[in-house]
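To keep things clear, I will list the structure first and then write my remarks on it.
Below, each value reflects all heavy atoms present in this structure, side chains not excepted, and no hydrogens, waters or symmetry copies. Letters A, B, ... mirror the listed sequences (proteins, then strands); counts begin at 1.
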Amino acid sequence: MEIETTWGSIVVELLDGKVAGCTLPFLSTQPDQPFSIANGGDDPVSAFVAAVFSGKNARLPALAELKGTGFQQQVWREIAKIPSGQIKTYGELAAAIGSPKAARAVGSACGRNPVPLFIPCHRVKGANAQLGGFSAGLPWKRLLLEVEDAT
DNA sequence: GGCGCCGTCTTCT
DNA sequence: AGAAGACGGCGCC
């Protein structure tokens, strides 16, 4: 399915009614246009996406099995537990998994997250409040952190 | 504060 | 094997 926003359309791949993939248009710079999302979905998926962009917590829709290495799965599982408005650092996640020094590897795993928004990798910052990066471009990350009042 | 180097761990060539 | 990455820490200007 596809969700229209002023920043481009968000594509969500569904498999068996479960979320299998999510793609945002890449933005290297923040658009002049203010962000707004076309509301209209009464299905759980668009409801969730709308909630994310308004900084609210919503129940995560069913996710298809995410393909990735064991390490990546651990990282994603850990990230999925971060509630809206809360920030964790790459180092904290690494420690939570059991390898406190694997922060860099954690960053790699985030970048390969197949379902941004559903696995809130935007709530992960560097240890010194650095933003790090974002698969679809930092403007998205900034936007999300802002609506969640977690900058 | 900003820049660069080295250590660390996983993944891709 | 070798290189690279959404890191972290330390030393230096």
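Both distances falling under 3.5 Å, in either a Watson-Crick or a G-U wobble arrangement, occur for no nucleotide opposite C/dA6. B/dT8 is unpaired under the Watson-Crick or G-U wobble criterion, no partner having all donor-acceptor distances under 3.5 Å.
At whole-Å resolution of the value, CD in A/Gln130 and P in C/dG9 are 12 Å apart. Distance A/Gln74 CD to B/dC9 C1': 13 Å, rounded to the nearest Å. Between the P atom of C/dC7 and the CD1 atom of A/Ile79 lies a distance of 13 Å, rounded to the nearest Å. In this entry the distance linking CD of A/Glu92 with P of C/dG9 reads 11 Å, nearest Å. Taking atom CD of A/Gln72 as the reference point, atom C1' of C/dA6 lies 13 Å away to the nearest angstrom. One can place CG of A/Asn113 at 16 Å from C1' of B/dT10, the figure rounded to the nearest angstrom. Put simply, CG on A/Leu93 is 15 Å from C1' on B/dC9, counting in whole angstrom units. In this structure, A/Leu145 atom CG and C/dA6 atom C1' are separated by 13 Å, rounded to whole Å.
Residues A/Asn128 and A/Ala105 each lie close to DNA chain C; by heavy-atom proximity, the contact nearer the 5' end of the strand is made by A/Ala105. Comparing A/Arg112 and A/Lys101 by the nucleotide of DNA chain B whose heavy atom lies nearest to each, the residue mapping closer to the 5' end is A/Lys101.
Judged by distance alone, the side chains of A/Thr6 and A/Gln33 never bring a donor and an acceptor atom under 3.5 Å apart.
Remark: A/Asp149 CG is loosely packed, at most 12 non-hydrogen atoms of other residues, nucleotides or ligands lying under 6.0 Å away. Heavy-atom contacts from other residues, nucleotides or ligands closer than 6.0 Å to CD of A/Glu2 number more than 12.
The side chain of A/Ser108 has C/dG5 as its nearest neighbour among C/dA6, C/dG9, C/dG5.
Backbone-only engagement by A/Gly91 is indicated by non-hydrogen atom pairs under 4.0 Å involving sugar-phosphate atoms exclusively. A/Ser99 comes within contact range of no nucleotide atom at all, as no heavy-atom separation falls under 4.0 Å. Within 4.0 Å of A/Phe71, counting heavy atoms only, lie sugar-phosphate atoms of the nucleic acid but no base atom.
Judged by distance alone, with hydrogens and angles left aside, the side-chain atoms of A/Lys141 form a donor-acceptor pair with the main-chain N or O of A/Val124 at under 3.5 Å.
For the ring pair (Phe, Tyr, Trp, His ring centres under 6.0 Å) criterion with A/Trp7, the lone passing option out of A/Phe35, A/Phe53, A/Phe26 is A/Phe35.
For C/dG8, the base has no donor-acceptor partner in the side chain of A/Arg104 [N/O atoms by modelled type, under 3.5 angstrom].
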